[in-house]
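See structure below.
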Amino acid sequence: MAKNNRTQYNDKGIFKEYDYKQIVDFGKVFLDATKKCNKPNISSVGWSHPLLVPIITNMAFSCELFLKAILKHDNNDTKKTKTHNLKDLFNGLQENIKSEIMKPYNEEDFMAKLENISNLFMEWRYLYERHLGSVEYNFLCDFSEKLLEIVDNM
């Protein structure tokens with residue numbers, strides 16, 4: 001991105017201000033990349049999918065960005081967004097939004113599955129440093145789609 005308006009950037013070249021829509025747009029780009037990589041679908045190919053790592057990493061990152069967009073939209077509190085942990089970001093949401101996201105899961109099941117995927121972006125982008133762990137893939141897909149639905153309606 002070109003720095004055509006210096007007043008938008010601090011001395012490190014980082015946006016001084018951004019709005020939730022910009023975060024949503026980036027989240028959609030990463031989710032779209034996931035969908036493009038996921039051909040043929042993991043469900044039909046299994047865990048030997050040649051693009052498994054970017055699929056999981058990009059989907060997890062899109063979830064992170066969508067959660068950060070919701071927090072920015074509702075709170076405008078960037079202190080709550082200084083993490084990659086999905087569970088921590090989720091816990092910062094308003095109760096009515098949390099309830100909407102948790103449907104159709106019961107809270108205990110949802111939180112256990114969320115715990116399983118909470119660090120996927122950090123873990124899978126450096127997967128070569130560790131062994132492959134388990135992933136609640138269907139839950140990750142459901143979670144990303146639910147978040148997309150919520151940000152599309154903001």
Side-chain angles (χ1 to χ4, degrees), residues 1 14-15 18-154:
M1 280 183 217
I14 299 172
F15 277 119
Y18 54 92
D19 67 18
Y20 75 92
K21 292 176 188 174
Q22 291 169 297
I23 305 169
V24 169
D25 289 344
F26 277 107
K28 287 180 177 181
V29 168
F30 281 94
L31 189 58
D32 189 46
T34 297
K35 291 174 181 178
K36 288 181 176 162
C37 288
N38 198 12
K39 293 184 181 166
N41 193 292
I42 286 177
S43 301
S44 62
V45 177
W47 293 105
S48 63
H49 194 294
L51 297 174
L52 180 65
V53 173
I55 290 168
I56 300 296
T57 305
N58 286 327
M59 192 180 311
F61 191 49
S62 72
C63 290
E64 176 185 331
L65 291 172
F66 292 150
L67 287 166
K68 288 180 176 184
I70 297 166
L71 287 166
K72 178 77 172 166
H73 177 265
D74 292 345
N75 304 326
N76 207 20
D77 182 0
T78 57
K79 290 178 188 155
K80 291 182 181 179
T81 64
K82 301 293 182 195
T83 182
H84 294 294
N85 185 287
L86 299 180
K87 185 177 178 184
D88 290 346
L89 292 167
F90 177 82
N91 285 333
L93 298 176
Q94 295 175 6
E95 291 302 319
N96 62 325
I97 295 172
K98 285 196 244 184
S99 295
E100 182 62 30
I101 294 169
M102 282 193 270
K103 290 178 188 173
Y105 298 91
N106 70 49
E107 186 173 354
E108 188 177 325
D109 256 3
F110 178 88
M111 294 308 288
K113 290 176 184 299
L114 182 59
E115 181 71 37
N116 176 270
I117 68 164
S118 280
N119 293 307
L120 285 179
F121 175 66
M122 293 179 294
E123 292 168 354
W124 279 66
R125 68 184 177 165
Y126 298 115
L127 195 60
Y128 60 87
E129 295 177 350
R130 57 182 55 85
H131 87 86
L132 184 66
S134 67
V135 174
E136 292 273 357
Y137 178 73
N138 290 333
F139 176 77
L140 179 61
C141 293
D142 293 346
F143 189 57
S144 67
E145 290 300 321
K146 187 58 146 177
L147 293 173
L148 177 62
E149 179 183 315
I150 288 170
V151 298
D152 276 345
N153 290 313
M154 290 193 309

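All of these numbers come straight from a predicted model, not from anything done at the bench.
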Handout entry: Note, Phe61 side chain near Phe26 side chain (heavy atom, < 4.5 Å)
Key = no

Problem - Met102 vs Lys146 side-chain heavy atoms within contact, under 4.5 Å - result: no

Exercise for the section: Kindly say whether Pro54 contributes a backbone atom to a donor-acceptor pair with the side chain of Thr57 at under 3.5 angstrom? Expected result: no

Practice task
Evaluate the side-chain proximity of Val151 to Tyr20: yes if any heavy-atom separation is below 4.5 Å, no if none is.
Solution key: no

Practice task
Please test Glu145 against Leu31 for side-chain contact (heavy atoms from CB on, under 4.5 Å), starting from the C-alpha separation and ending with a verdict.
Solution key: CA-CA 9 Å; Glu145 290 300 321; Leu31 189 58; 4.1 Å; yes

Practice task
Kindly say whether Thr83 contributes a backbone atom to a donor-acceptor pair with the side chain of Lys68 at under 3.5 angstrom?
Solution key: yes

Practice task
Check whether any side-chain heavy atom of Asn38 sits under 4.5 Å from a side-chain heavy atom of Leu51, and report yes or no.
Solution key: no

Practice task
Check whether any side-chain heavy atom of Asp74 sits under 4.5 Å from a side-chain heavy atom of Leu93, and report yes or no.
Solution key: no

Practice task
Using the ring pair (Phe, Tyr, Trp, His ring centres under 6.0 Å) rule, take Phe121 and Phe30 through it: C-alpha gap first, then chi angles, then the decisive distance, then the call.
Solution key: CA-CA 12 Å; Phe121 175 66; Phe30 281 94; 7.9 Å; no

Problem - Asn91 side chain reached by Met111 side chain, heavy atoms, under 4.5 Å - result: yes

Practice task
For the pair Asp25 and Lys21, evaluate salt bridge (Lys or Arg N to Asp or Glu O under 4.0 Å) and give the outcome as yes or no after the intermediate values.
Solution key: CA-CA 6 Å; Asp25 289 344; Lys21 292 176 188 174; over 6 Å; no

Practice task
Quick one: closest heavy-atom pair of Ala60 and Leu120, and the distance?
Solution key: CB-CB, 3.7 Å

Handout entry: NZ/Lys98: more than 12 non-hydrogen atoms of other groups inside 6.0 Å
Key = yes

Practice task
Ignoring hydrogens and angles, tell me if any N or O in the side chain of Asn106 forms a donor-acceptor pair with the backbone of Asp109 under 3.5 Å.
Solution key: yes

Problem - Sub-4.5 Å side-chain heavy-atom contact between Asn116 and Phe139 - result: no

